[in-house]
Amino acid sequence: MKKITLFSFLIILISNPMVAQNDVISAFLLKWENSKNYLLEIAELMPEENYNYKPTEKEMTFQEQLLHIRGNMVWLTETYFVNETNEKSSTVNPKSKTEIIQELNFSFNNVSEKIQQFDVNNLTTEVDFFAGPKSKLQILNLLQDHITHHRGQLIVYLNLNGIEPPKYSGW
């Protein structure tokens, strides 16, 4: 009897892609919130007078890294996860540390809202991307991966300025 019940449960789970897709969205949103908090903590730790710091001439400044992260998350979300009727974000040019952190917080929250509203049935939809055709699930993963890439650089910037980075928060 236990084998039949377990088998039936697995068949239902496998045959219902909505369950698996909702788990993808839920897992993304949980990780996204932790990623937001971790990045904002990093942004808070760097003194404002060091926001123009960059380790070499080829690198972006600390501030440019943060604004690049914000711009990329807005671009990916508004290009691939909202429809044409949604209002697009306006261009921002925050100058102070406080304004940058506020804009990052707003943008992270906006992405969360858009992803919560996204029809999970469209995760397998293929879209044109500069790196070739990608599924919307791949774009969703790129949202997080891009932040992780640049956040790692920001941690190096903190260390080079003698500032201990916050403890890693993966989940």
More than 12 foreign heavy atoms under 6.0 Å from CG of D128: is that the case here?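 Open: at most 12 neighbouring heavy atoms sit under 6.0 Å from CG of D128.
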
Does atom CD of E49 have more than 12 heavy-atom neighbours from other groups under 6.0 Å away?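 Count over threshold, so yes.
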
Review item, side-chain donor-acceptor pairs of residues 131-141, under 3.5 Å, at least two apart:
residue: S135; atom: OG; partner: L137; partner atom: N; Å: 3.4
residue: S135; atom: OG; partner: Q138; partner atom: N; Å: 3.1
residue: K136; atom: NZ; partner: Y80; partner atom: O; Å: 2.9
residue: Q138; atom: OE1; partner: S135; partner atom: N; Å: 2.8
residue: N141; atom: ND2; partner: L137; partner atom: O; Å: 3.4

Going by heavy atoms in the side chains, are S35 and R151 under 4.5 Å from each other?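 A side-chain contact under 4.5 Å exists here.
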
Test item: N109 and E113 side chains (from C-beta on) under 4.5 Å apart, heavy atoms: no

Minimal non-hydrogen separation, [X] against [Y], with atom names:
{"X": "T61", "Y": "N52", "answer": "CG2-O, 3.3 Å"}
{"X": "E44", "Y": "Y51", "answer": "N-OH, 4.5 Å"}
{"X": "S112", "Y": "W32", "answer": "OG-CD1, 3.0 Å"}

Side chain to side chain contact (heavy atoms under 4.5 Å, CB included) assessment of N93 paired with E103: CA-CA 9 Å; N93 192 16; E103 190 56 43; over 6 Å; no

Approximate separation, where rounding is to 0.5 Å, of L45 CG and I163 CD1: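 Going from CG on L45 over to CD1 on I163, the span is 7.0 Å.
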
Taking atom CZ of R70 and atom CD1 of I101, what is their separation to the nearest 0.5 Å?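 Rounded to the nearest 0.5 Å, the CZ-CD1 separation comes to 15.0 Å.
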
So, using side chain to side chain donor-acceptor pair (under 3.5 Å) as the criterion, who are the partners of Q153 when residues are at least two apart?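 Checked Q153 against side chain to side chain donor-acceptor pair (under 3.5 Å); matches are Q65, H149.
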
Ring centers of F62, Y53 separated by less than 6.0 Å: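 Here the rings of Y53 and F62 have centres that are no less than 6.0 Å from each other.
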
Is the Y38 ring parallel, tilted or perpendicular to the Y168 ring (thresholds 30°, 60°)? perpendicular

Please test F81 against F118 for ring-ring contact (aromatic ring centres under 6.0 Å, His included), starting from the C-alpha separation and ending with a verdict. CA-CA 6 Å; F81 294 101; F118 180 71; 5.0 Å; yes

